[in-house]
Each structure stands twice: as structure tokens, then as C-alpha cells.
Amino acid sequence: MAPIARRAHALKEALDRKKLIPEGFIENFTKLMEVDWDPANGARVVARAWVDPAFRTLLIKDGTRACEQFGYTGPQGEYIVALENTPTLQNVIVCTLCSCTAWPVLGLPPDWYKSFEYRSRVVRESRSVLREMGLDLPESVEIKVWDTTAETRYMVLPFRPAGTEGWSEEKLASIVTKDVLIGVARPLANA
Amino acid sequence: MAPIARRAHALKEALDRKKLIPEGFIENFTKLMEVDWDPANGARVVARAWVDPAFRTLLIKDGTRACEQFGYTGPQGEYIVALENTPTLQNVIVCTLCSCTAWPVLGLPPDWYKSFEYRSRVVRESRSVLREMGLDLPESVEIKVWDTTAETRYMVLPFRPAGTEGWSEEKLASIVTKDVLIGVARPLANA
Amino acid sequence: MDGIHDLGGTDGFGTVPHHVNSQSYKPVFHEPWEHLAYSLLFLGADHLKTFNVDELRHAIERMEPRQYLAAPYYDRIVVGTASLYVEKGVLTQAELEALAGGAFPLARPQTEGRAARPTRSHFEVGDEVIATRDFIRGHTRMPKYVRGKKGRIVHRTSVEWPFPDAAGHGREALRQPTYHVSFDAKDLFGDGAEASSVVVDLWEGYLEKAGAPNV
Amino acid sequence: MDGIHDLGGTDGFGTVPHHVNSQSYKPVFHEPWEHLAYSLLFLGADHLKTFNVDELRHAIERMEPRQYLAAPYYDRIVVGTASLYVEKGVLTQAELEALAGGAFPLARPQTEGRAARPTRSHFEVGDEVIATRDFIRGHTRMPKYVRGKKGRIVHRTSVEWPFPDAAGHGREALRQPTYHVSFDAKDLFGDGAEASSVVVDLWEGYLEKAGAPNV
């Protein structure tokens, strides 16, 4: 088998020779993926929900519309549902069948999210998987796993940690990481 | 990863250095595998059952004892059950979990029997698998698949084909192949 | 299909290769060819309309299982995408292999797929439903770990999408809402289950009202 | 365990690489090292009594799934056998790697296994039984495609064998008969099933009387 770098370039070259790739198409799409789709987007949405009760209500009722207010739309973001954590409930997102994720608000899925280890294990051994990854939840915290098997794209809405009173939205957003938005981490005031 | 030939020899060498391999152990066991365990054994059992009704009754009632009469005993042959075909019933043997087979009467399992293709498909798509392999059974023939998931070791007892009247046991045995004993082929008088 | 890709609940894999919050996630791509995987996929699915994303998912599922398991993620996207360009007649495998200077194995052949059953009345939030006992040879988005299991609807989508078991085969596909169905994790994975519940997003055609016969 | 080895019913694999009666099956081994796989396995299981064959099966199941799927058959036997010699303290992985002149990956770690439930009364030929809904993390010889399914007993063995879910972990194992349980293939694989029935050989501890609650 030819190495994957050679196969990937062969596919591009074959399409190019048939003039099927519009000028700038790959560059523009790559910029979307590398720059525009970013977990900082989701973090801004979460921070707003933490400081604005009306926005929080909208986010939970209609995540797509709430994210649209920030301009976070596009492929893999057409139907966004926010999953609200509480101190005793941790929501965790996976796609066991492939790799579906809310690109516009979370960015492209990270390698570990697409790993066979995560996909196979988190639905069955969620607590052990989270502990191994560094999130050791007490038994009193219930874990709910959301398998992204259709067109809904989930984002986790974490609960605002103690010690963040009076923080600006920007500072609040800074503790909401990609891992927090997937549900394998919780935000910390002293992170 | 070191190539498998090197890993296999390393395992032998490591055991050898600790003087754990008795003189001749590997040679004797290899002779058993290469020479003694042979599908010709099972073929002799089938031929006897075709010409000797009392033996046939014993084979069906207690396959282990019937095979013992020929000296076909040993590992993977401690509990032998013969599965009787009829013109409208084809028994087929598989081991979906690993590779279990009745070594003393069938010989070691062939590569295709141990293939992921056979193990995954024959329980679910038995008719298609047999057809692809060259045994195109009419719909009127029922297929029963036996998964060797415990210690029973199966052998298929085919029905004696027309056109073999008056044949010697030796000639009868000659049309009972390893594939016939596994159940993916039927014996033919004009093979 | 009950393929190697349907990984939920499979035992034997080791530790997830990540410690939380240890990565910046930049750069997004690690190899200079990786961005081509999604770019050329979206070229075909979005710009050229040569295939849809359900077909892409199915093309990846149709990879020979050993190839699927051995290939890194973006390699699988490249193979699935290339398979569809070839199956749709845009490119040939020979062209690709000539340009790659070596073998370029593509997905295994398609099966037929299946149409969605005709629309029935919708389910409501709170309804108990059973995931059908169907064994689908083609594309489906119902993971096998819910087959025949009882769950409760927690959300019905306000949008409808093409039934993937048809769309994934390039067939005309009815649109249906999907449902977030909450399953008790113990019903799915026995006493060792470590979540309280697993919520799966299922097309209407994958569901039957609980209490119907044969469930 | 619901491992990659539990292949019955998995979709996506191609044609069986064989045409009936086309091979002489001689020579039995195709590579000069292949006979070592079984010889050194039986050295450990039979002559040295270092481990049993159930443990060997489980050691192979514990191979990293990608390694399992990529390895030829006798390679898997070598890895399983070597893993047990190392786990039992007879050899070390370092010794093996030094002699092999390269990496010698072994099976992933064991779990605990489980004891058989205490003996009950036997089932009889003709009884309807249900394969338990257990999800076993360790070794088991009940393929997942029969879990929770109803079948009928066609034979009870006259011999009893160690319960593999214990024996496969080197634990003291109760002996039980096994039963040839005939399942309607459609119950196992839906309408596309192509056999009339699939008969699976199941230890007594894998079975419950049909009609018991929750089945």
C-alpha cells in the first residue's frame, strides 16, 4: 500500500487534473478548520450563559439559535444541544460510530476523542475512563453519556465553579477548555 | 516489533536456556501434528459407519468411543460428537471464538477455518459462504451451524452418495475429504 | 451493519491516550496532508454534490476490517472519500494508484441499503420505546449495543433528516426527526456499567413503541 | 469479554479464502517456525503445567485489538503462549526481546475472572433455556451473539469441564457439563439469517431456565 501522504496527495492531484477543485477551495476550508472552528467559541457561549440568565435559558432551550448569536454556525453545527451539568451530574459526549462533534463551537474533534479506546470504552466504563484521564469523580456524581449517533451536535454546559464571582466573561471563558466542552473535565477557578 | 519468525525462535530459545524443553519434545509433538492427526482418520471412521450399521449407531451415540476403536484420541479429541447429514440437512462446523477442531480425526484446522472471514460470516450467512466456497445447496437443504465454543469436538458424518454401491471401505474413505468432515463439502461418487 | 466500526462497548482497548487539559489542540493538523482529508471530502459532499456525508460514513465502514483498524483517522477519511469518487465514476482506482505510486485499497463493495418505513405518528417526550431488533447489512446509525433495548425519549428534534440507511446508499431517503433516547446503562452493559444512562440519538425508523409484540 | 475475537456475526469481512476440496492440506505448516507455536503451548499447558488452555485462549483475547487483527494465526498463539510464560514468572519480556532482537509485545493485563455459580440441578434435553445476559470483563466461552437469547437443549455432555470464566484466569474452577443449545438463527441474526439454526456448546453456568423473570 502506498504511504498515506502519497495517497492523500494522489487524490488531490487526480481531482485537480480534472479541474474539479475551485481556486482557493482547499485553503479556505482549511482556514475554517484550523482557525475559525475553535473551542474558544464554545467557551464564550458558556461564559455568556454563566453571566446572563436569559441567554442561559435560550441556550438550553435552543442551542443552535444561541450559538448563532455569536455566528457559530456551519457544517456539523446545524442542530446544537447544550447539556447542563450540575454538581451531581456530569454529561460526557462521544461518537461511538465515527467522530461527530459540534465543529463550529468545539473545533474539530481531538485525536483521543476519535481513538478506539475512547469510542469503545466510555459508554461502558465511563467512570474508569474519566478517572484514567484525570477526572476522578466521586460516586455521588452521576455520569450521563451522550452518543452522537445522528445529526444533533452536543456541547456540555458546565456549572460555574465557586471562586469565580465577579469575573469578566473573558476570564470566565478562559477556564472553559475543549475538554470541558466535551465533558471529560470540569472548569476550575484556580486552574 | 520483531518479525514473528524471530519472536517464535526467541520463545523457544528462552525456554531452552532454562532447560525446560525435554529432548525430543518439539519433534514428537510436531510429528503428531504433521503426520498422526490427519483427515484420513476421520474419513476411515465415516467409511466404516457407511458399511457397518452397528458402528454407525455407536458413532452417533458415542463418537469418542467409536473413534477410540481406531486409536484416534488425544488432545482436542476427548469428546467427539458426530453430526449426521441427510439429503436435506447439512451440518457445518465452526469455532467463532478461536479455532477449536477435533485434531485426532480432522487434523489441525486449515487456515481458512481459522480466517476471520469464516469465523465471522458462517454463523450468519452460511448459505452464501458455502456457495462462495463452491457448495451451492438448494434452498430445500437446511443448514445447521455448530459453533465449537466448549470442549465438544465435532465431525460431520456425511450421507453416502449414490453410485458408491459395492465400494471398499478404503475407496469410500477416499471421497471423504477434510472439507467434507468440516461440513463445507459433500462427498461425490465421481469426484 | 455490525461492522468493526461499531465500537461502543467493545472490550480490550487500553487507556485513552490523553490527560485532561494537557493539550492546546494547536496545530489542528499534525501532518501536512491531513487537511486534505476533510477538504476533499467536503469538495465532494458540499461543492460537487458527488456524494453525501452518510455515504462517506458508510464508505469508511466498508473498509476491510483489518485496514480500518490499522489506519489512522484521516487515512480512513481519505480512503472513504476516494472510494466514493471512484464508485461515482469521477475517478478510477488505476488513476489513483498511478499517482500514488503504489496500491490504493478502497472500500469493499456496497450492499443495497433499505428505505425508511413509511412515516407514522411521532413519539413524545417521556414515551418508552424499543430500539428495533433489525440486523441491517448496510449503513445504519443505530449502534448495536441498543438493539432490542428499552429506553425513554428525552427530546425530539425540531428538524428532520434523511433516513441514513437509505441516504448512506445514495438512495432517495425520507426525512424523519431523531429522538434522544435515554437507556439505563445497566440494561446495555450489565452490572458493570459505570454510567447511570447512555443517551443515543435515533431516527424515528429505529424505534417502536414499548409494549408492542415481540420485544 | 466482548473482545475483537468474538467474531460470530460481525459484518464487513470478505470471501473465505478457500474453494472446497482444492487443497491437500500438506504440508501442515507453511513457515518453519509455525510448529513451535503449538509445541511450546503444549509444553507449557501439558508438560510443565505452567498454565491451562483456557488461560491461553484468554491471553490471546487480551492481545491489543489492532495486534490481534493484524497477526496471522500462529503469531497469536506465540504471543498468547509467551505472555503466559512471562505472567507466570518463567520468562521475562526483556529476555524475549533480547533474543528476538526487537519488540515482543505481549497480551494486555488480566482482569479477575469470576467463579462459577454453585451447581444447580442439570437441564434436560428438550428444555428451553436462556443464555444469561451477563457482560463478563474476563474470559468467557459464551459468544455475545447468544446473550439473552432463547434456545433448546439438544445434548448434555456426559463429561464435565472446568468453568472457563474461572479457569481462564488460573482460578479454581468448578466442573460442569456443557449443553448443545440450538438457537433459531433468525432469533440471533434477524431475517437475513441463512442457517435454520446455530448450535452453541454452553457451560451450565451460562444458562437459565426459560420463563425465569427478566428474560
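Below, each value reflects all heavy atoms present in this structure, side chains not excepted, and no hydrogens, waters or symmetry copies. So you know, we letter chains A, B, ... as the sequences are listed, proteins then strands, and number each from 1.
Taking A:Val129, A:Val122, A:Leu20 one by one and counting their heavy-atom pairs under 4.5 Å with chain C, the maximum is reached by A:Leu20. Most heavy-atom pairs under 4.5 Å with chain A, from the set C:Leu48, C:Asp46, C:Val90, C:Leu69: that is C:Leu69.
Proximity to chain C is limited to the side chain of A:Val81, based on heavy atoms less than 4.5 angstrom apart. Heavy atoms closer than 4.5 Å to chain A are found in the side chain of C:Val28, but not in its backbone. Residue contact with chain C, scored on non-hydrogen atoms closer than 4.5 Å, involves the side chain of A:Asp38 exclusively. With a 4.5 Å cut-off on non-hydrogen atoms, A:Leu130 does not touch chain C at all. The parts of A:Leu15 that come within reach of chain C are both its backbone and its side chain, each placing non-hydrogen atoms under 4.5 angstrom from that chain. With a threshold of 4.5 angstrom between heavy atoms, C:Leu96 approaches chain A through its backbone and through its side chain. Of the atoms belonging to C:Tyr145, it is side-chain heavy atoms, and not backbone ones, that fall under 4.5 Å from chain A. Residue C:Ala185: no heavy atom, backbone or side chain, is found under 4.5 Å from chain A. With a threshold of 4.5 angstrom between heavy atoms, C:Thr157 approaches chain A through its backbone and through its side chain. Interface residue C:Ser158: backbone and side-chain heavy atoms are both found under 4.5 Å from chain A. C:Arg141 touches chain A through backbone and side chain together, each having a heavy atom under 4.5 Å away. Proximity to chain A (any heavy atom under 4.5 Å) is shown, for C:Phe104, by both the backbone and the side chain. Of the two parts of C:Gln67, only the side chain, counted from C-beta on, holds a non-hydrogen atom closer than 4.5 Å to a non-hydrogen atom of chain A. Neither the backbone nor the side chain of C:Glu34 has a heavy atom closer than 4.5 Å to any heavy atom of chain A.
Proximity of a side-chain donor or acceptor of A:Ser120 to a complementary backbone N or O of C:Gly8 within less than 3.5 Å is not detected. Of the possible donor and acceptor atoms, one in the side chain of C:Glu194 sits under 3.5 Å from a partner among the backbone N and O of A:Ser128. Panel note: side chain A:Arg6, backbone C:Gly101; a donor-acceptor pair is recorded below 3.5 Å. Counting only distance, with no hydrogens or angles, the side chain of A:Lys178 and the backbone of C:Ser24 share no donor-acceptor pair below 3.5 Å.
For the pair A:Arg119/C:Phe13, no side-chain contact is recorded, criterion being any heavy-atom separation below 4.5 Å from C-beta on. Between C:Asp6 and A:Leu97, some side-chain heavy-atom pair lies under the 4.5 Å cut-off. In this structure the side chain of A:Tyr79 never reaches within 4.5 angstrom of the side chain of C:Thr178, judged on heavy atoms. Here the side chains of C:His18 and A:Asp179 are in contact, with some heavy-atom distance below 4.5 Å. In this structure, the side chains of A:Thr149 and C:Pro143 come closer than 4.5 Å at one or more pairs of heavy atoms. Counting only heavy atoms from C-beta outward, the side chains of A:Arg7 and C:Trp33 never approach each other to under 4.5 Å. The side-chain heavy atoms of C:Val79 and A:Ile4, taken from C-beta on, include no pair separated by under 4.5 Å. At least one side-chain heavy atom of A:Pro22 sits under 4.5 Å from a side-chain heavy atom of C:Leu43.
Checking A:Lys12, A:Glu13, A:His9 one by one against C:Leu99, the side chain to side chain contact (heavy atoms under 4.5 Å, CB included) holds for a single residue, A:Glu13.
Ring orientation note: the planes of A:Phe116 and C:Tyr68 are close to parallel, at an angle under 30° on the 30°/60° scale.
Between A:Lys18 and C:Glu95 there is a salt bridge, since a side-chain N of the basic residue sits under 4.0 Å from a carboxylate O of the acidic one.
Ring centers of A:Trp103 and C:Phe42: under 6.0 Å apart, within the cut-off.
More than 12 heavy atoms of other residues, nucleotides or ligands lie within 6.0 Å of CG in A:Asp136, so this atom counts as buried by the packing criterion. Enclosure of atom NZ in A:Lys61 is not indicated, since only 12 or fewer non-hydrogen atoms of other residues, nucleotides or ligands lie within 6.0 angstrom.
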ring-ring contact (aromatic ring centres under 6.0 Å, His included) between A:Phe29 and C:His47, worked out
CA-CA 11 Å; A:Phe29 200 79; C:His47 178 73; over 10 Å; no

